[in-house]
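Following: one structure in structure tokens, then a few remarks.
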Amino acid sequence: MSAYQIAVLPGDGIGPEVTREAERAVLAAAAAFNFEVSLEYWPIGGTALDEFDTPFPDATQDACLAADAVFLGAIGGPKWDHETGARRCEAALLSLRKTLGGYANLRPVIVPESLVESSPLRAERVAGTDLLIVRELTGGIYFGQPRSSSTERASNAMVYDRDEIERIARTAFNLARKRKGHLTSVDKANVLEVSQLWRGVVTELHKSEFSDVELEHLYIDNAAIQLILRPSQFDVIVTGNLFGDILSDLAGTLPGSLGILPSASVGGRVGLFEPVHGSAPDIAGKGYANPAGALLSTVMMLQALGENEAGAHIQHGVVKTLEDGILTRDLGGTASTGEFGNAVLNHAFSSTPVTV
Ligand code: NAD
Ligand code: IPM
Ligand code: MN
């Protein structure tokens with residue numbers, strides 16, 4: 001029987017609330033599909049800072065490196081926003097990502113049929129949206145040197161090496177090949193040298209290895225508007241760290257909530273799976289955070305571990321729950337986080353009735 005060790009980092013705000021639903025789904029999947037999981041909980045972010053005086057304890061780092069997969073809820077919040085440098089919650093998340101090495105952050109965006117009518121955008125625009133943002137995650141302006149800070153002047157540098165561009169582009173081309181065969185590369189090559197290199201390397205790789213994939217280049221400002229005007233025409237989008245961060249939050253408007261978007265960071269030593277959203281301090285502790293993004297991140301984790309059938313069942317559970325109109329408040333419903341999770345488990349593993 002396969003056995004997986006999963007490091008679970010619930011984090012801050014709604015992180016633990018949505019992580020709880022993900023854990024229940026993983027445990028139910030293991031029971032239904034005959035594999036073993038051991039879930040180990042580790043502190044990160046503000047809760048770690050409060051208890052251990054660092055947002056990224058060494059023990060957390062070691063456990064993540066030793067695990068088969070890492071699941072993270074969310075980090076950060078107003079309580080810790082005054083912190084600077086390595087004491088920031090966000091710095092802990094960036095260190096975790098760099099340590100694990102997953103440079104390809106996959107952020108799929110689908111608008112299920114049942115949400116088309118309730119999307120803030122017109123139904124005919126969002127219907128059929130099924131796209132994948134491939135965000136470069138371990139380079140770019142988030143990590144570029146030099147960086148500096150003083151009370152009068154501060155700077156960050158957007159830096160990419162040829163190798164970093166080539167490997168993320170290769171990942172994106174390969175994914176496009178398995179999907180609809182279309183790749184959009186997003187940059188700011190009309191202004192930034194780093195984007196001119198990006199565009200050049202993507203174009204070269206297209207010519208040499210992926211001429212069967214249709215390649216299009218868009219500037220980031222135009223990409224933002226196109227994502228809203230014609231989302232269903234995108235297949236795979238590849239872009240750098242900062243542009244990918246912004247575009248993926250924007251893409252949350254398509255299904256109507258950031259709360260349903262999942263992500264997987266792959267290509268490194270250990271895979272990292274986390275919803276796209278943050279700790280949502282405005283709704284933390286209220287019990288109605290949407291756990292769909294966390295649950296779909298679990299699907300991506302199970303797929304990466306080779307448990308495709310188990311993943312498919314949870315995905316089916318999420319889609320059916322949305323179809324049943326069991327929605328949390330962000331999508332206009334009244335369901336609690338736990339009620340949504342129960343409905344998903346009942347659909348996914350109907351022979352195993354569940355209660356909160
Ligand atoms: P956010 O994603 O936490 O929230 C943005 C908006 O979306 C809020 O109105 C929130 O209520 C809503 N929302 C987000 N997730 C939701 C869910 N699952 N269900 C229902 N509504 C949801 O972004 P923010 O407010 O800009 O950031 C808050 C904190 O989270 C900051 O400290 C930020 O740095 C951190 N953050 C962490 C991560 C992460 O851990 N991966 C990601 C983004 C932001
Ligand atoms: C995300 C978040 C993070 C990022 C922050 C919290 C460091 O916004 O995962 O999208 O910018 O990558
Ligand atoms: Mn973000």
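All ligand and atom numbering here is 1-based and tracks the order in the structure. Position 1 is the first residue of the sequence; numbering continues from there.
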Residue and atom name of the nearest protein heavy atom (relative to [atom]), distance in Å to one decimal:
atom	answer
atom 2 (C) of ligand 2	Asp245 OD1, 4.0 Å
atom 11 (O) of ligand 2	Tyr142 OH, 2.5 Å
atom 1 (C) of ligand 2	Arg107 NH2, 3.4 Å
atom 9 (O) of ligand 2	Arg97 NH2, 2.6 Å

Item to check | Those protein residues which place at least one heavy atom below 4.0 Å from ligand 1 | outcome: Ile14, Ala74, Ile75, Gly76, Gly77, Glu90, Leu93, Leu258, Gly259, Glu274, Val276, His277, Gly278, Ser279, Ala280, Pro281, Asp282, Ile283, Ala289, Asn290, Asp330

Checklist entry - According to the interplanar angle, ranging from 0 to 90°, do the rings of His316 and His347 count as parallel (below 30°), tilted (30 to 60°) or perpendicular (above 60°)? => result perpendicular

Next on the checklist: Using 30° and 60° as the class boundaries, would you call the ring planes of His313 and Phe349 parallel, tilted or perpendicular?
Outcome noted: parallel

Next on the checklist: I'd like to check the salt bridge (Lys or Arg N to Asp or Glu O under 4.0 Å) partners of Glu309; sequence neighbours left out, ordered by chain and number.
Outcome noted: none

Answer yes or no: is there an ion pair linking [X] with [Y], defined by an N-O contact shorter than 4.0 Å?
X	Y	answer
Lys180	Glu214	no
Lys207	Glu204	no
Lys188	Glu193	no
Glu323	Lys320	yes
Asp81	Arg88	yes

Checklist entry - What residue among Leu227, Leu115, Val111 forms side chain to side chain contact (heavy atoms under 4.5 Å, CB included) with Thr129? => result Val111

Item to check | Exceeds 12 heavy-atom contacts within 6.0 angstrom, atom CG of Asp212 | outcome: yes

Checklist entry - Any chance CD of Gln196 has more than 12 other-residue heavy atoms, nucleotides or ligands included, within less than 6.0 Å? => result yes

Checklist entry - Arg135: heavy atom below 4.0 Å from ligand 2, yes or no? => result yes

Checklist entry - Would you call Arg88 a ligand 2 contact, heavy-atom distance under 4.0 Å? => result no

Checklist entry - What are the protein N/O/S atoms, named by residue and atom, that sit under 2.8 Å from the Mn ion (ligand 3)? => result Asp245 OD1

Checklist outcome for this item: Tracing side-chain contacts under 4.5 Å among Ile, Leu, Val, Met, Phe, Trp and Tyr outward from Met1 reaches none

Next on the checklist: Which option wins on minimum heavy-atom distance to atom 5 (C) of ligand 2: Glu274, Glu90, His277?
Outcome noted: Glu90

Checklist entry - CE/Met300 to CG/Leu295 distance, rounded to the nearest 0.5 angstrom? => result 13.5 Å

